[in-house]
Colleague: 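Handing you a structure now.
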Amino acid sequence: MPRKVRQVYTNFSAGELNPLLNSRTDAQSYFEGAKQCRNWYLLDEGGLMRRPATSYLATLVGETRLIPFIFSEDEVAIFALSNNRLDVYNSSGSAIAANITTNCNWTTAQLFELNFAQFGDTVFLTHRDNPIREIKRTSASSFSVSAFEFEEDDSVTVGGVNKTTQPFYKYADTSITLTPAATSGTGVTITASADTFVSNHNGTYIRIGGKQCKITNYTSATSVDVTILEALASTSADLDWEEQLISAVRGYPQAVSFHDNRLWFGGVKSKPSAIIGSEISGYRNFDVGTGLDSQSINVAITSDKVNEVRHLVSSRNLQIFTDAGEYYIPSSDTTAITPSNVSFLRQTPYGCNRANPTPFDGATLFSQKNGKTIREFIFSDLEQAYKSTSVSVLSSQLIDAPKQIAMQTGNNERAEQFAFFLNSGSTGGGKLAVFHSIRDEKIAGWTMWETKTNDEFFSVIALNENLFVVTKRVLPSGTVYLLEKFSDTDSVTLDCSTLTTVYQKGTPLVNGAGQTGTTVNVDGFTADPKVNETFTIAGNATEYEIIAVTNTGSGAYTLALDKTLAATPADNAAITIVNGFSHTVNAVYQNTTKVNAVYGNGSLGEYTVDSNNRITLSNSPFPTGVRVGFNFTPIVETMPLDKEVETGPLTGQPRRINKVIIDMSEGLDVKMKTTGDTYYPLVIQQTNFTVNSDVSATTGRKEFNFLGYSKSPTINISQNDPLPLKILGLAMEITFA
C-alpha cells in the first residue's frame, strides 16, 4: 500500500550546488541548496527573490571596463575605460566628462589587466606594459588624465636636470662595470664592460656608487652620455651601479595600493617580485635614502621561485597576491612597516589570477590562478596566520575564469551583502557568479545571474549601495555596449529597461470653435486615434475616453466621447493623449523583437519595436510610464528529494511528489513542475478584482498537485511573466511504495 511522507524546504541559503553532490544527502547544504538556482537573489532570511533587473543608462563607445570613483558620500562617479579613452558618468548615467583621450595609454586588450587605487581626488592606474597614469578630479565636472611623475629634488640640479626620487635596481649581470670619463659635469661618457644599454635608456637615471646620473644620449650598447648630478668617487670601473627600477626599458608595476600612509607598487615587469613603498606621506618620493623609518622601501619577495606580484590589498596587513602564493607584510597598531622591519610571510600556495581581489565579510576574496576556485584570504586567530579556504567548493561549476570582482554590502532597500564574480571563460563567460555570505550565521551560498539570451555582462562595479554593469547586447543595430544599473529590489523586472511615453500621433488640435455635446472634431493626426484611448484638451482638465472614431479625411476625425464636453474648447486647442495604444520607446530597442512591457503589477506581453521606435499595445491603452526591456528567466530546481523513513532512505526508489505547497511573499507570477512533467502556472485570483484595476501581489501559501513517479524527483519553479516573486519555502507530500 502506498505510503506518504512530508518534507519541508525551509530555506535556499546554500544556493546552487554542484551536480556531483546529488547523492550527498548527509550534507546539511543538500536540503538548503538547489540543483539549479539562476537569476535569483538570496535573501538573508533564507528565501529567494527574483533578482533585481537593470535600467538602461547610456550607450558606450565599445568594449568598456568600469571603475568606481568615490570622492565623498554624496559625490561619486563611474569611470568608463575603453580603448585609449575615458568617459565619466554620474550614478544616473549622465556624462560628466566625455571622450578624454589625452594620456589614456590603455588598450582594449589591457582593460581587465589594469589595477587601480584611489586616494582623495586621484585614481592611480597601473599596467605592467604602460607608464603609470593618474585620473584626477579637478572639479565636480572636470577630470584629467596625466602621467605619474616621481618627485624631484630641485636642491640637486645640474644643467637644468634635477635629482630624482625613483627606486633603483641593477638588472645587468653583477659582473658588468661602468666606467665614467669624469666625476662631474654634463655630456660625460659612461662606458659599460659589456652590452648594457638600449636607445630607450635615453632620459633614464642610473646610480654609480650611490650617486645619480641622468642619461642624455645613447651612443651604443656599451656607451652613453650622462649629466652627473652628484659627484662620483672616481673614474675607475665600478661594479656598484643601478638603473631606475621602473622605465620603458624594464617595464612598469602592475599592482598598486595605499597602506600605512604609503603608496605601494609591485610586480614590475622585469622585476615581478619587487615591492616598493613611498616615504610616509610622500606618495611620489621613493628615495630609500639612509633607511630611516619614514623613508621609502624597496624590497623583493625571495622564494624558491620568482613570484609575480599581481595585486596588493590594504587590510589589517598589506596583503600580497602573486601568481604562486599569498603573502602579507606584518604590522600592528603599534608597529608600522619600516625599511628595517619589512618582511614577507608566505601563507598559502594557490596563486591569484588577474581579477582584483576584494575585501568581503571579514576576508579578502580572490580567484585562484586556475580560474576555477574562489578563496577567502582570512586571518585565523587560532593559527595566528592567514588561510585561503575555498568558498566555492560546493558550487564550483559556477566559477569560470573571473575577470572582475565587485562587492556590495547592501542597498537602500535590502541588507544582503554579495560578491560578484564576472566570468570570462568559454562556458560561463558573460555571467555573474554571485556569492552571498553571513559569516556569523554560517550562511554562504551561490547563484548565477544571466541576462537575455546571446547577451553578456561585460563589466561590473559596486558604487556605494548601487550596482552597475556594462552589458554586451546583440541588437538589430549591431553589437552594442550599454551602461546599466541594477535595481535595489525586484520592483524592476526587465533588463535594460526604460519608461515609454505616449505617442501623440502628430499634433492633434480641436478643429472648429463652438463645439459642445459628446463629440468633438479634431485634425492634425498623423495616425488614427483609437477607441478606448483617452485625452485632455488644453484649458480643460477633464479626461475624455474615445468610444467611436469617424475619419473625415486628411488627418481630421470626429471623436465620440464617453461624456459631454465640460466646456466649449477653443479652435486649435491642443489635444494631449493621456492613455494610448502607441508608445515611443528608447532608440536602443529600434527594430528589436521580443521586447517585454510591464505596467504596475501586470505584464502587458511581448512586442516588436518598429523603425520609428514605437510599440503598439494590443489590449488596452496605457499612460506614459510603461516599463519596457528584456525578460530573463529565473529558475530554481531542488536537489532530488530524499527522505529517511523507518526502512531507510528513499534514495533510488520510485516516488511521486503529489503535492507542493509554496510559501510566497509579494508574488505576482509563478509556475511549477516536477521531474518529467510540464509547468503548471498559478492563477492568482482575487475577489475584489475589477476590469482595468491592478492585480495585488499575493502573500501566503499556495498549493500545486502533480502526478507521475520518478527515482530522482525534483521541483522546478520558474515564471511565465516578468513580475516580482519571493519564495520563502516549500512543503512537499511524497508518495512511495
Side-chain angles (χ1 to χ4, degrees), residues 63 65-67 81 106-117 125-130 251-257 265-269 272-273 275 301 303 305-315 318-328 346-360 363-378 386-393 395-407 419-435 446 448 456-462:
E63 295 185 27
R65 177 186 173 180
L66 304 181
I67 288 178
L81 279 62
W106 50 85
T107 65
T108 299
Q110 296 172 343
L111 290 177
F112 291 94
E113 295 178 348
L114 295 169
N115 279 321
F116 65 94
L125 284 179
T126 57
H127 188 279
R128 61 192 181 281
D129 291 323
N130 297 341
Y252 304 92
Q254 64 181 338
V256 60
S257 184
F265 293 117
V268 177
K269 187 172 185 178
S273 60
I275 302 283
I301 297 174
S303 181
K305 65 178 181 178
V306 175
N307 286 263
E308 178 193 353
V309 177
R310 291 184 167 178
H311 306 283
L312 301 172
V313 176
S314 177
S315 186
L318 182 62
Q319 301 171 352
I320 304 166
F321 295 87
T322 79
D323 66 333
E326 294 71 54
Y327 295 76
Y328 79 99
R346 184 171 183 174
Q347 302 299 284
T348 51
Y350 299 106
C352 182
N353 78 352
R354 298 198 183 278
N356 51 300
T358 298
F360 179 76
T364 301
L365 297 181
F366 69 96
S367 174
Q368 190 173 326
K369 185 172 62 174
N370 61 17
K372 298 297 182 183
T373 305
I374 303 301
R375 297 186 177 274
E376 60 174 11
F377 193 58
I378 186 169
Y386 282 89
K387 55 184 181 180
S388 295
T389 305
S390 171
V391 295
S392 60
V393 64
S395 307
S396 57
Q397 79 283 2
L398 301 182
I399 311 303
D400 189 11
K403 66 177 181 179
Q404 194 173 15
I405 306 173
M407 181 272 294
F420 301 88
F421 298 82
L422 179 54
N423 288 325
S424 67
S426 58
T427 57
K431 301 175 183 179
L432 285 170
V434 183
F435 179 56
W446 290 85
M448 181 78 86
E456 302 176 4
F457 296 118
F458 190 79
S459 180
V460 59
I461 62 164

Colleague: If we ignore hydrogens and angles and just use 3.5 Å, is the side chain of Ser390 paired with the main-chain N or O of Val393 as donor and acceptor?
Modeller: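 Indeed, once roles are kept as given, a pair shorter than 3.5 Å links the two residues.
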Colleague: Please report the interatomic distance OG(Ser396) to NZ(Lys372), rounded to the nearest 0.5 Å.
Modeller: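 Here the rounded value is 9.0 Å.
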Colleague: Which distance, rounded to the nearest 0.5 Å, do you find between the CG of Asn370 and the OG of Ser367?
Modeller: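 Those atoms lie 7.0 Å apart.
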Colleague: Within the structure provided, determine whether Leu111 and Ser459 are in side-chain contact (heavy-atom separation under 4.5 Å).
Modeller: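 Side-chain contact under 4.5 Å: no.
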Colleague: Is a side-chain N or O of Lys431 found less than 3.5 angstrom from the main chain of Leu398, in a donor-acceptor match?
Modeller: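 A pair under 3.5 Å: no.
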Colleague: Please confirm whether the backbone N or O of Val391 pairs with a side-chain atom of Trp446, one donor and one acceptor, at under 3.5 Å?
Modeller: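 It does hold such a pair.
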Colleague: Report the residue from Leu365, Leu432, Val434 that forms a side chain to side chain contact (heavy atoms under 4.5 Å, CB included) with Phe421.
Modeller: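 Among Leu365, Leu432, Val434, the one meeting side chain to side chain contact (heavy atoms under 4.5 Å, CB included) with Phe421 is Leu365.
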Colleague: Quick check for you: to the nearest 0.5 Å, what is the distance between Ile378 atom CD1 and Thr389 atom OG1?
Modeller: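 One gets 7.5 Å once the value is rounded to the nearest 0.5 Å.
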Colleague: Tell me whether the rings of Phe435 and Phe360 are parallel (<30°), tilted (30 to 60°) or perpendicular (>60°).
Modeller: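 Answer is tilted, since the angle falls between 30° and 60°.
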Colleague: Hey, does Glu308 have a side-chain heavy atom less than 4.5 Å from the side chain of Thr322?
Modeller: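 Result no, sub-4.5 Å side-chain heavy-atom pair not found.
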Colleague: Counting N and O atoms only, with roles assigned by atom type, does the side chain of Asp400 sit under 3.5 Å from a partner on the main chain of Asn423, one being a donor and the other an acceptor?
Modeller: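 A pair under 3.5 Å: no.
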Colleague: So Phe366 and Phe377, would you call those rings parallel, tilted or perpendicular, with 30° and 60° as cut-offs?
Modeller: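 Perpendicular.
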Colleague: Is any side-chain heavy atom of Lys369 closer than 4.5 Å to a side-chain heavy atom of Arg310?
Modeller: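 Sidechains of Arg310 and Lys369: in contact.
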Colleague: If we ignore hydrogens and angles and just use 3.5 Å, is the side chain of Arg346 paired with the main-chain N or O of Gly325 as donor and acceptor?
Modeller: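 Side chain of Arg346 to backbone of Gly325: no pair is present.
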Colleague: Is there side-chain contact between Ile320 and Asn307, with at least one heavy-atom pair below 4.5 Å?
Modeller: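 In short, these two side chains do not touch, never coming nearer than 4.5 Å.
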Colleague: Is it true that a side-chain atom of Ser424 and a backbone atom of Ala401 form a donor plus acceptor pair closer than 3.5 Å?
Modeller: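 Side chain of Ser424 to backbone of Ala401: a pair is present.
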Colleague: Is the closest side-chain heavy-atom distance between Arg375 and Thr348 below 4.5 Å?
Modeller: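 Not in contact.
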Colleague: Strictly distance-based, threshold 3.5 Å: is any side-chain N or O of Glu376 a donor or acceptor partner for the main-chain N or O of Ser388?
Modeller: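 A pair under 3.5 Å: no.
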Colleague: Do the side chains of Ile405 and Ile374 get nearer than 4.5 Å, heavy atoms only?
Modeller: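 The answer is no; the side chains never approach within 4.5 Å.
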Colleague: With a 3.5 Å distance limit and no angle check, can you tell me whether Glu63 reaches the backbone of Thr108 through a side-chain donor-acceptor pair?
Modeller: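 Checked: no pair found.
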Colleague: Side chain to side chain donor-acceptor pair (under 3.5 Å) for Asp129 and Gln110? Distances and angles first, verdict last.
Modeller: CA-CA 9 Å; Asp129 291 323; Gln110 296 172 343; 4.5 Å; no
Colleague: What heavy-atom pair brings Leu312 and Ala255 nearest, and what distance separates the two atoms?
Modeller: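 Residues Leu312 and Ala255, closest heavy atoms: CG-CB, 3.8 Å.
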Colleague: Which residue in the set His311, Gln254, Gln404 passes side-chain hydrogen bond (donor to acceptor under 3.5 Å, both in side chains) when paired with Arg354?
Modeller: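 Result for side-chain hydrogen bond (donor to acceptor under 3.5 Å, both in side chains) with Arg354: Gln254.
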Colleague: In sequence, state the C-alpha distance, the side-chain angles, and the governing distance for Gln319 and Tyr386, and then conclude on side-chain contact (heavy atoms from CB on, under 4.5 Å).
Modeller: CA-CA 10 Å; Gln319 301 171 352; Tyr386 282 89; 3.6 Å; yes
Colleague: Apply ring pair (Phe, Tyr, Trp, His ring centres under 6.0 Å) to the pair Tyr350 and Phe321, showing each step before the final yes or no.
Modeller: CA-CA 10 Å; Tyr350 299 106; Phe321 295 87; over 10 Å; no
Colleague: May I ask you to test the Tyr327-Val309 pair for a side-chain heavy-atom distance under 4.5 Å?
Modeller: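 Answer no - side chains too far apart.
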Colleague: Determine whether Arg128 and Tyr252 make a side-chain contact, defined as any pair of heavy atoms from C-beta on separated by less than 4.5 Å.
Modeller: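 SC-SC contact between Arg128 and Tyr252 ruled out.
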Colleague: For the residue pair Ile399 and Ser392, what are the closest heavy atoms and their distance?
Modeller: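 Closest approach of Ile399 to Ser392: CG1-CB, 3.9 Å.
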Colleague: Specify the closest pair of heavy atoms between Ser257 and Val313, including all atoms of both residues, with the distance to one decimal.
Modeller: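 Closest heavy-atom pair between Ser257 and Val313: OG-C, 4.3 Å.
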Colleague: Could you pull out the closest heavy-atom pair between Asn356 and Thr358, with the gap in Å?
Modeller: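 Looking at all heavy atoms of both residues, the closest pair is O-OG1, 3.4 Å.
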Colleague: Could you state the interatomic distance from CG (Leu125) to CG (Asn130), rounded to the nearest 0.5 Å?
Modeller: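 One finds 9.5 Å between CG of Leu125 and CG of Asn130.
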Colleague: Just by modelled atom types, is the Gly371 backbone N or O under 3.5 Å from a matching donor or acceptor in the Asn353 side chain?
Modeller: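 The answer is no, because no donor-acceptor pair under 3.5 Å joins these two groups.
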Colleague: Give a yes or no answer on whether the side chain of Asn115 reaches the backbone of Glu113 with a donor-acceptor pair at less than 3.5 Å.
Modeller: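 Pair absent, no side-chain N/O of Asn115 close to backbone of Glu113.
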Colleague: Which atom names give the shortest non-hydrogen contact between Ala324 and Lys305, and what distance separates them?
Modeller: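 For Ala324 versus Lys305, the nearest heavy atoms are CB-CE, 3.5 Å.
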Colleague: Can you name the closest pair of heavy atoms from Ile275 and Gly266 and give their distance?
Modeller: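 The answer is CD1-CA, 4.3 Å.
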